[in-house]
Amino acid sequence: GIEIIPLGFEYFCFDPEMSWSLAFYKLNVIYCLTKAKKYDNIVLIDTDTVVINSFEQVWQECASNILIPQYSCRIGCENYITYKDETSKLLGTALKPKYTWGGEFIAGNIKLLKGFIEECYRFYLAMRRKGLQTSKGDEFLIYCAALGYMDVIKDASPYVYRFWTGIGY
């Protein structure tokens, strides 16, 4: 069954005036649930995202992967330039993103997600120390953390569909 758990917003908090500041609540939820160690698998789904078919294969994937939708970037597109510029400010090095990852669906087992979300939190703390903000919301921290988890992150696109309403890549 589905369990609904009310949680506060104490982790991944940015200035409420920052664009996408509320999107970080999703990372807060994953962080809290991995600390609770109550579940084998965790999935987070945005309201504009649907799972294609059943969860059976998603749960099978979670045994050894973290599922996150992956999007390719053209070298000159706005997303490519923004991720490159924002990672340069945070890390001191300009990364050239081959992919970006969406925050609309994240699924994984508790062990993998715990390490991944702690990596997201490490980048969040670095951003706070440097006084940096991102125009990409939670997806920027997902992107930064994903770079260190490439061996277990798998594209969730075969399992989900997102109804975008904004500009594309």
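Just the heavy atoms: all of them, side chains too, but no hydrogens, waters or symmetry mates, feed the values below. Numbers here simply count residues along the sequence, with the first being 1.
Applying the ring-ring contact (aromatic ring centres under 6.0 Å, His included) test to Y121 and every residue at least two apart in sequence or in another chain returns Y11, F12, Y31, Y124. With sequence neighbours excluded, the residues forming a salt bridge (charged side-chain N to carboxylate O under 4.0 Å, His left out) with R122 are E119, listed by chain and number. With sequence neighbours left out, the side chain to side chain donor-acceptor pair (under 3.5 Å) criterion links K136 to N79. Residues passing the side chain to side chain donor-acceptor pair (under 3.5 Å) test with Q57, sequence neighbours excluded: none. Under the side chain to side chain donor-acceptor pair (under 3.5 Å) criterion, N65 pairs with E61, not counting sequence neighbours.
The shortest non-hydrogen separation linking F24 to F9 is C-CZ, 3.9 Å. The two residues E104 and K26 have their closest heavy-atom pair at N-NZ, 4.3 Å. Nearest heavy-atom pair, L141 versus C120, reported as atom, atom and distance to 0.1 Å: O-SG, 3.8 Å. Nearest heavy-atom pair, G102 versus I142, reported as atom, atom and distance to 0.1 Å: O-CD1, 4.3 Å. Here the shortest heavy-atom pairing between A146 and I153 reads CB-CD1, 3.4 Å. Here the shortest heavy-atom pairing between C32 and L7 reads CB-CD1, 3.9 Å.
Taken from OG in S19 to CD in Q133, the straight-line distance is 9.0 Å, to the nearest 0.5 Å. We find the CG-NZ distance between N41 and K111 to be 13.5 Å, quoted to the nearest 0.5 Å. Atom CD of E139 and atom SG of C144 lie 12.0 Å apart (nearest 0.5 Å). Taken to the nearest 0.5 Å, the SG atom of C13 stands 10.5 Å off from the CE atom of M18. Atoms CG and CG, from D151 and L112 in turn, are 9.0 Å apart once rounded to the nearest 0.5 Å. Note that NZ of K84 and CD1 of I81 are 7.5 Å apart. Values are rounded to the nearest 0.5 Å.
At most 12 non-hydrogen atoms from other residues, nucleotides or ligands lie less than 6.0 angstrom from CG of D40. Counting heavy atoms of neighbouring residues, nucleotides and ligands inside a 6.0 Å radius, atom NZ of K130 exceeds 12 of them.
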Next item on the list: Starting from the C-alpha separation in whole Å, work towards a yes-or-no answer on side-chain hydrogen bond (donor to acceptor under 3.5 Å, both in side chains) for S157 and Q70.
Entry: CA-CA 7 Å; S157 297; Q70 176 180 301; over 6 Å; no
Notebook entry, point to check: Can you list the steps and then say if F123 with L91 is a side chain to side chain contact (heavy atoms under 4.5 Å, CB included)?
Noted result: CA-CA 9 Å; F123 284 112; L91 306 174; 3.4 Å; yes
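By the 4.5 Å heavy-atom criterion applied to side chains, I42 and I106 are not counted as neighbours. M127 is listed as a side-chain neighbour of L90, based on a closest heavy-atom distance under 4.5 Å. Counting only heavy atoms from C-beta outward, the side chains of S21 and D15 never approach each other to under 4.5 Å. Put simply, the side chain of L33 does not reach to within 4.5 Å of the side chain of I30, judged on heavy atoms.
Note: Y149 and F116 have perpendicular aromatic rings, judged against thresholds of 30 and 60 degrees for the angle between ring planes.
The cluster map of Ile, Leu, Val, Met, Phe, Trp and Tyr, joined by side-chain heavy atoms under 4.5 Å apart, puts Y71 and W20 in different clusters. Both L44 and F140 sit in one connected hydrophobic cluster of ILVMFWY residues. Membership requires side-chain heavy atoms under 4.5 Å apart, directly or through other members.
Although no hydrogens or angles enter the test, the distance criterion places no donor-acceptor pair under 3.5 Å between the side chain of D46 and the main chain of T49. The closest donor-acceptor contact from the side chain of E86 to the backbone of T134 lies at 3.5 Å or more, if one exists at all. Here the side chain of T87 pairs a donor or acceptor atom with the backbone of Y83 at under 3.5 angstrom. With hydrogens and angles disregarded, a donor-acceptor distance shorter than 3.5 Å links the side chain of N109 to the backbone of C62.
Here W59 is tied into one hydrophobic group with V43, I45, V51, F55, V58, L67, F105, Y159, V160, each link being a pair of ILVMFWY side chains closer than 4.5 Å.
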